[in-house]
Peer 1: 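Right, I'll just put the structure down here and ask away after.
First the proteins, then the strands, lettered A, B, ... as listed; each starts at 1.
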Number of protein chains: 2
Amino acid sequence: MLTTTVPQRSSAPFPHREPLARPDDEGRWTADIGCKTCAMAALCTRSPIDRLTHERLNDVVQCVRTVHRGHALYRPGDAFGSIYAVRAGSFKTVVMHREGHEQITGFGIIGDTLGIDGIASGRHSCEAIALEDSAVCVMPFDLLEMLCREVKTIQHHVHQMLGAEIVRESTLMMLLGTMTAEERVASFLADLSQRWEARGYSAAAFTLKMTREEIGCYLGLKLETVSRTLTKLQRRGLIHACGKDLRILDIDGLRKLATDVGPASFRGQPHRQAFGYAPETRLPEYRPGGH
Amino acid sequence: MLTTTVPQRSSAPFPHREPLARPDDEGRWTADIGCKTCAMAALCTRSPIDRLTHERLNDVVQCVRTVHRGHALYRPGDAFGSIYAVRAGSFKTVVMHREGHEQITGFGIIGDTLGIDGIASGRHSCEAIALEDSAVCVMPFDLLEMLCREVKTIQHHVHQMLGAEIVRESTLMMLLGTMTAEERVASFLADLSQRWEARGYSAAAFTLKMTREEIGCYLGLKLETVSRTLTKLQRRGLIHACGKDLRILDIDGLRKLATDVGPASFRGQPHRQAFGYAPETRLPEYRPGGH
DNA sequence: CGGTACGTTGATGGTGCTCAATTTACGTGG
DNA sequence: CCACGTAAATTGAGCACCATCAACGTACCG
């Protein structure tokens with residue numbers, strides 16, 4: 001299986017990574033490896049599909065492309081031709097303004113789909129950067145569209161995938177528009193945990209492939225605020241963060257922080273801030289917002 | 001043309017609106033009125049299409065539905081069956097958390113598409129509320145999907161529409177994640193102006209159908225901040241805001257504010273705030289951020 | 001060992017939120 | 001018609017949250 005031949009230890013420093021099953025100079029690997037061989041195929045489609053449909057989808061994946069850490073899978077302005085399914089590794093997608101204004105719109109981990117930002121205009125509007133040495137399935141979009149016209153279930157899958165991205169972004173907009181720093185970080189960790197769990201990994205312990213600055217850029221916070229908030233959550237006994245290694249000690253507590261928000265007039269009240277910077281090791285009872 | 005039979009004077013008080021070409025109790029109007037009769041058809045599809053394709057699309061629009069001010073076109077949890085094109089009036093789309101936490105994800109004006117948030121799960125994830133008495137074309141999604149399988153150009157239109165929504169939301173995320181209050185309001189006004197212009201209306205003068213609170217909820221600000229920022233922009237001579245009537249005096253100045261942002265370390269510097277609350281009627285030269 | 005990238009923590013101040021008062025406009029009912 | 005209640009908008013005062021600036025510790029290579 002490919003997922004075992006691609007380097008997954010992201011701790012390997014970029015310029016000194018071990019030799020891979022070497023693709024060409026452009027980082028493209030033209031071996032014919034489709035969904036049949038991929039452990040994550042079910043995740044790409046996000047719902048059960050019959051074997052025949054699966055085989056047809058398999059034909060769309062014509063090659064696997066590897067992207068090294070720090071390199072771009074595509075850049076803004078690149079012609080849009082394919083969408084990509086992450087087979088190994090992880091990515092960040094970044095929208096840019098001129099003059100260094102940028103916002104990370106998402107982190108793609110194994111099983112996620114990348115590249116759909118190019119559908120609208122035929123050119124990519126954002127940038128997908130590998131956070132570690134990674135590999136994606138390349139699915140030419142015109143082939144996929146052709147298949148959509150033939151197979152109703154596949155058409156449905158594609159529409160659901162696009163729809164899910166729209167809903168995901170709405171949720172993130174609410175986070176950016178209405179949540180405090182603490183709620184944002186808690187949401188972020190709870191979401192990551194749930195996604196790893198859905199992929200068969202541990203929900204309680206995983207490695208953050210992104211830096212504090214990238215987390216902040218995603219959540220609309222500065223890196224110092226992210227760092228401080230992580231320590232605060234740790235003092236409350238909700239998580240244990242040691243550098244990029246993260247252990248979640250109280251997932252329910254995190255979820256409560258992320259969603260159980262009182263009316264705006266209750267947030268930021270002085271008496272609720274009273275113990276905000278007090279030397280707390282583990283509060284006996286923490287009341288997030290409500291009763 | 002329908003657009004002339006539907007009440008467009010939103011200033012008419014809600015309970016005293018004049019009698020419409022009356023729909024049934026549910027607000028549904030089953031008259032067979034399709035794209036052929038709609039002046040906004042070109043906007044629905046957003047790109048030139050041939051006459052034959054147009055006629056096929058026409059078959060999908062099976063009825064027009066009217067929605068009165070303050071009422072919902074659909075609510076979270078409603079079964080998803082159709083997408084809607086705004087023929088007259090305007091809407092807000094709202095994502096909700098429990099306990100009154102809400103975020104407006106967009107304002108739909110004439111020619112915009114609503115309802116695609118339901119594609120992912122088969123149920124709507126947000127709420128579309130009419131800001132004034134409005135009318136939408138109802139397009140059953142299964143019919144549209146069927147047509148997509150037959151006509152490649154229509155398939156392309158649908159994919160582009162979904163893709164455009166994804167890109168729109170990315171842009172909004174950047175606004176929410178990185179911009180100051182002033183930049184957000186300027187972006188909002190410049191965007192609205194551009195959209196009205198694209199629909200053949202004046203880019204320089206239009207009516208805001210939404211309240212200050214709704215603008216704030218969309219931009220991630222409080223209503224007081226929106227109000228203060230509008231007055232500030234007015235004092236600078238960029239706009240003239242009289243209640244809900246808005247005139248744009250310097251669209252280039254607005255766009256500059258919205259996009260021409262220096263590095264973060266330059267924003268919010270004391271010397272740039274110095275004249276922030278000074279009694280300014282119209283500054284001879286205003287330097288937004290750059291050189 | 002020195003350079004760089006990353007992370008943590010502290011001190012300080014600004015942007016925008018909160019609370020509050022006032023004005024205007026609108027719809028309802030007297 | 002005017003009085004009244006409600007919703008919307010504007011403006012002011014105070015301060016909380018988070019950004020900014022800064023110092024320091026650590027890990028990882030060259």
Peer 1: Go through the side-chain N and O atoms of B/Thr105 and A/Ser170 and say whether any donor and acceptor fall under 3.5 Å apart.
Peer 2: no

Peer 1: What I want to check is whether the side chains of B/Thr229 and B/Glu182 have a donor and an acceptor closer together than 3.5 Å.
Peer 2: no

Peer 1: What distance do A/Phe188 atom CZ and A/Tyr218 atom OH have between them, rounded to the nearest 0.5 Å?
Peer 2: 7.0 Å

Peer 1: If I take atom NZ in residue B/Lys222 and atom C1' in nucleotide D/dC15, what distance separates them, rounded to the nearest angstrom?
Peer 2: 16 Å

Peer 1: How close or far is atom C1' of C/dC6 from atom CG of A/Leu131, stated in whole angstroms?
Peer 2: 15 Å

Peer 1: Decide, yes or no, whether a salt bridge links B/Glu183 with B/Lys256 under the criterion of side-chain N to carboxylate O below 4.0 Å.
Peer 2: no

Peer 1: For residues B/Glu197 and B/Ser202, is any side-chain donor paired with an opposing acceptor at under 3.5 Å?
Peer 2: no

Peer 1: Between B/Leu73 and B/Val136, what is the shortest heavy-atom contact and its length?
Peer 2: CD1-CG2, 3.8 Å

Peer 1: Quickly work out the A/Glu214 CD to C/dG7 P distance and round it to whole Å.
Peer 2: 9 Å

Peer 1: Just say parallel, tilted or perpendicular for the rings of B/Trp196 and B/Phe206, cut-offs at 30° and 60°.
Peer 2: tilted

Peer 1: Would you call A/Arg195 and A/Asp112 a salt bridge, using N to O less than 4.0 angstrom?
Peer 2: yes

Peer 1: Do B/Ile110 and B/Tyr201 come within less than 4.5 Å of each other through their side chains, counting heavy atoms only?
Peer 2: yes

Peer 1: Provide, to the nearest angstrom, the distance between the NZ atom belonging to B/Lys232 and the C1' atom belonging to C/dG16.
Peer 2: 10 Å

Peer 1: May I have the distance from A/Leu221 (atom CG) to D/dT20 (atom P), rounded to whole angstrom?
Peer 2: 11 Å

Peer 1: Which part of the nucleic acid, if any, lies within contact of B/Gly216, taking any heavy atom under 4.0 Å across all strands shown: a base, the sugar-phosphate backbone alone, or nothing?
Peer 2: nothing

Peer 1: Axis-to-axis angle across the helix from C/dC1-D/dG30 to C/dC26-D/dG5, five pairs an end, to 10 degrees?
Peer 2: 30°

Peer 1: Let me know the distance between CG of B/Leu233 and C1' of D/dT11, rounded to the nearest Å.
Peer 2: 16 Å

Peer 1: Rounded off to whole Å, could you give me the CG-to-P distance for the A/Leu219 and D/dC17 pair?
Peer 2: 18 Å

Peer 1: Output one line per pair: protein atom, nucleotide atom from nucleotides 7-10 of chain D, and distance, for all N/O pairs under 3.5 Å.
Peer 2:
unit_1	atom_1	unit_2	atom_2	d
D/dA9	OP1	B/Lys244	NZ	2.6
D/dA9	OP2	B/Arg212	N	2.8
D/dT10	OP1	B/Arg212	NH2	3.1
D/dT10	OP2	B/Arg212	NE	2.8
D/dT10	OP2	B/Ser227	OG	2.8
D/dT10	O5'	B/Ser227	OG	3.2

